[in-house]
Amino acid sequence: MKQAIGVIDSGVGGLTVASELMRQLPNEKLIYLGDTLRCPYGSRPEEEIKQFTWNMVHFLMEKDIKLLVIACNTATAYTLIDLQQKLDIPVIGVIQPGARAAINATKNKRIGIIGTEGTIRSNAYTKALHMINADITVISGSCPLFVPMVEKGILSGPEAYQTVNEGLQSMKDSADIDTLVLGCTHYPLIKDVIQDVVGEHVQLISSSEETARETSAILELHDLLNKDDTFFEHQFYTTGELSIFQKLTTNIFSHHLEYLSKIKIDKVSI
Ligand code: DGL
């Protein structure tokens with residue numbers, strides 16, 4: 001099937017998932033939409049998160065995508081089930097894959113979760129972890145300053161260390177965790193700083209690899225894999241400033257994106 005895989009995030013964070021999709025599924029075309037104008041979603045009320053996510057989904061459905069990856073934990077927490085019920089294409093979120101990867105990694109069964117206020121408030125990770133193993137102790141905390149910092153392009157240096165240190169203080173003080181889930185797709189962009197702050201004994205988990213694996217399995221299951229080897233170009237769209245998006249994508253993909261465009265998205269009724 002030649003149709004593209006649609007990928008959404010509130011901003012640039014989902015690019016960490018997109019790059020893993022490209023690595024694991026080199027024959028697939030991606031259409032990515034980052035709602036940078038309205039980012040961050042994580043501190044917004046539930047209704048707004050749902051509305052903004054549906055607006056993005058509508059834009060991509062008009063492009064005739066064959067599968068949707070919600071490359072945003074906040075949007076996954078509040079819209080995954082609704083989208084799975086209402087869309088007639090497969091929809092994959094990032095929370096279950098992240099939970100699976102964490103269970104796989106932990107030895108002492110104490111798992112830390114960091115994410116946006118919305119993701120932590122939803123308890124979605126705790127539920128996903130306990131559905132697999134009720135014996136897991138979950139220690140969670142929100143880090144509301146990380147996403148705005150990443151969207152500004154600050155991924156290292158003194159400001160990044162100070163913000164991450166402060167954001168993870170209670171996690172460091174109270175928890176004897178051996179695994180920490182980066183429960184926001186923006187966080188892998190500052191993973192070196194996070195690793196330094198929590199120490200090498202804590203294994204960091206980002207859901208991108210497991211999400212790409214699940215995408216691959218679902219495409220195969222539904223006979224949706226692209227078997228054609230015609231040339232295609234991935235498409236990237238943002239609702240915000242191109243320059244910041246371009247800078248960050250250069251950092252993630254080590255080259256400029258050929259097809260990057262600034263767009264407006266309409267409000268749809270849900
Ligand atoms: N990247 C998104 C996530 O994974 C959230 C960023 C935001 O707050 O908008 O949760």
Side-chain angles (χ1 to χ4, degrees), residues 6-21 32-57 68-80 83 91-99 101-102 112-128 140-155 163-164 167 180-191 194 204-212 214-215 236-241 244-245 248-249 251-252 265:
V7 184
I8 52 170
D9 180 44
S10 60
V12 293
L15 293 169
T16 57
V17 179
S19 76
E20 190 56 29
L21 286 166
Y32 182 99
L33 171 56
D35 192 11
T36 314
L37 186 65
R38 278 162 281 266
C39 188
Y41 280 15
S43 42
R44 292 179 183 274
E46 183 172 342
E47 281 320 306
E48 245 173 33
I49 297 168
K50 285 183 180 158
Q51 179 68 57
F52 293 165
T53 306
W54 268 105
N55 298 348
M56 284 199 284
V57 170
L68 174 69
V69 177
I70 314 172
C72 172
N73 292 265
T74 315
T76 299
Y78 292 101
T79 65
L80 177 67
L83 290 169
V91 182
I92 293 172
V94 281
I95 292 183
Q96 261 146 357
I113 308 286
I114 49 171
T116 66
E117 289 163 297
T119 300
I120 298 304
R121 193 176 57 230
S122 75
N123 250 337
Y125 266 103
T126 309
K127 287 181 206 151
S140 54
S142 62
C143 304
L145 300 183
F146 291 8
V147 169
M149 182 179 80
V150 169
E151 289 280 333
K152 272 194 258 161
I154 300 166
L155 309 179
T163 306
V164 171
L180 178 65
V181 178
L182 306 181
C184 170
T185 52
H186 281 69
Y187 300 172
L189 293 167
I190 46 169
K191 73 170 184 321
I194 295 174
L204 300 188
I205 302 291
S206 101
S207 45
S208 46
E209 271 176 40
E210 190 71 20
T211 302
E214 184 168 324
T215 305
F236 294 83
Y237 297 94
T238 172
T239 54
E241 282 316 310
I244 294 192
F245 207 88
L248 285 162
T249 51
N251 193 295
I252 296 165
I265 46 177

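As the structure is a prediction and not an experimental result, all values here were calculated from the model. Every number for a ligand or one of its atoms is a count from 1 in the order of the listing.
- With sequence neighbours excluded, the residues that form a side chain to side chain contact (heavy atoms under 4.5 Å, CB included) with Thr238 are Thr36, Leu242, Phe245, Leu260.
- Checking Thr116 against Thr74 by side-chain atom types alone, a donor-acceptor pair falls below 3.5 Å.
- By the side chain to side chain contact (heavy atoms under 4.5 Å, CB included) test, Leu37 pairs with Asp35, Thr239, sequence neighbours left out.
- Contact shell of ligand 1 (protein heavy atoms, cutoff 4.0 Å): Asp9, Ser10, Cys39, Pro40, Tyr41, Gly42, Cys72, Asn73, Thr74, Thr116, Val147, Cys184, Thr185, His186.
- Of all heavy-atom pairs spanning Met56 and Asp9, the tightest one is SD-O, 3.4 Å.
- Under the rule for a side chain to side chain donor-acceptor pair (under 3.5 Å), the partners of Glu210 that lie at least two apart in sequence or sit in another chain are Arg100, Arg213.
- Under the side-chain contact (heavy atoms from CB on, under 4.5 Å) rule, Ile70 has a single partner from Ile92, Leu80, Thr185, Val17, which is Leu80.
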